[in-house]
Amino acid sequence: MYETMQLARKFDERGQLLQRAGKVNFHISGITQEPSQVAMAFAMDLEKDWFLPYYRDYAFVLSVGMTVKELMLSIFAKGEDPNSAGRQMPGHFGSKRLRIVTGSSPVTTQVPHAVGFALAAKMRGEQSVSIVSFGEGSSNQGDFHEGCNFAGVMKLPVIFVCQNNGYAISVPFSKQSAGRIADRAIGYGFPGIRVDGNDPLEVYRVFREAHERALAGEGPTLIEIMTYRVTPHSTSDNDLVYRTKEEVDHFKALDAIPAFRQYLTDLGLWSDEQEQELQARIRKEIDEATQYGENAPFQSIEDAFRYVYAENTAEGKEQ
């Protein structure tokens, strides 16, 4: 878990540097949200479950099997990008191989999709769970409420994950919602749990219980992860227009990755030598992935309409 947190952090930092250098057009960060994202992924079944992440979920998708090379191809918008062949902005994850369901740009649309996957699993008698994540701003959208209501009525095997990082772009949580997001679950007939995103082991425990509930036929769980967005909303955002540097610095000091490293060290499970080896390995992996992504070709003109128009198999022509 710790190694994946560090890998996600270093990828995220490299993405920001590449954008500032003008080598990629856009980057959206998930820094400080990695520990909880890794923990929730580790609680899932990678062979049977379905994953519907949101755009900050780099640590989550790395945990379920995506590679740094694949993520680099995405931010460079290259033709080999397995998510969308460079058609979509970074953060629009999708992989048939890894059971990651393609996301679209309107926020929260992944919630009813996750409910649909859970319904299909129940109808087929499959032992699988769908997990869908979103920000607290998304929890005020109609898709969230419709998805929760249907999943509650049908007792579907789905885990709703609100990553409450305090801001819906520039709108603080205090101006978005009057109560706790987790408390909304009771109105739909299933448990709602709030958990500290800086405690990955507690996050893991909560998600394991939700996963077991879902497989036992007990229905959905809504989990609100309390975290904080220390970066701007995206590289197109100036966050100091709507919050102070002092506020951001306060939460940076609470970064859970150094704390988790210290926890492992205190248990005798980690050392400075292991840290040095890990950082060198990650640096090599990210450097190689960056070079590959930068040098990879863009999608060809001939392929521009692949998956846009269907082939007419009877006549061998494109429609």
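Below, each value reflects all heavy atoms present in this structure, side chains not excepted, and no hydrogens, waters or symmetry copies.
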Flag the pair [X] / [Y] as yes when at least one side-chain heavy-atom distance between them is below 4.5 Å, and no otherwise.
X    : Y    : answer
L7   : E34  : no
F260 : P35  : no
M40  : S133 : yes
Q6   : R281 : no

[X] side chain vs [Y] backbone, donor-acceptor pair below 3.5 Å:
X    : Y    : value
S177 : G179 : no
Q274 : D272 : no
R99  : K48  : yes
Q176 : V171 : yes
R194 : A182 : no
S130 : A114 : yes
D199 : E202 : yes
R184 : S139 : yes
N164 : E224 : no
K122 : L156 : no

Check the orientation of Y58 and H27. Use parallel for under 30°, tilted for 30 to 60°, and perpendicular for over 60°.
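Parallel.
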Side-chain donor-acceptor pair under 3.5 Å between [X] and [Y], yes or no?
X    : Y    : value
Q37  : Q163 : yes
R14  : T290 : yes
D49  : S128 : no
Q291 : D287 : no
S234 : D237 : no
T102 : H92  : no
S104 : T109 : yes
D45  : H211 : no

Please determine if [X] and [Y] form a salt bridge, counting it only when a charged side-chain N lies under 4.0 Å from a carboxylate O.
X    : Y    : answer
E294 : K78  : no
R229 : E136 : no
R9   : D255 : yes

How about [X]: does its [atom1] atom have over 12 heavy atoms from other parts shown lying under 6.0 Å from it?
X    : atom1 : value
L46  : CG    : yes
K155 : NZ    : no
R180 : CZ    : yes
E126 : CD    : yes
Y263 : OH    : no
N25  : CG    : no
I301 : CD1   : no

Are [X] and [Y] linked, directly or through other ILVMFWY residues, by side chains that come within less than 4.5 angstrom of each other?
X    : Y    : result
I282 : I257 : yes
V161 : Y188 : no
L278 : L62  : yes
M226 : F160 : no
M44  : I223 : yes

Candidates H250, E247, K252 - the one meeting side chain to side chain donor-acceptor pair (under 3.5 Å) with Y228:
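Result: among H250, E247, K252, E247 is the only option passing the side chain to side chain donor-acceptor pair (under 3.5 Å) with Y228.
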Atom pair OG1 (T231) and CD (E13), whose distance is rounded to the nearest 0.5 Å:
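Here the interatomic distance stands at 11.0 Å.
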For the residue pair R261 and Y2, would you count it as a cation-pi contact if the rule is NZ or CZ under 6.0 angstrom from the ring centre and within 45 degrees of the ring axis?
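Not flagged: R261 not positioned over aromatic ring of Y2.
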Distance flag, aromatic centroids of Y167 and Y242, threshold under 6.0 Å:
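Yes; Y167 has its ring centre under 6.0 Å from that of Y242.
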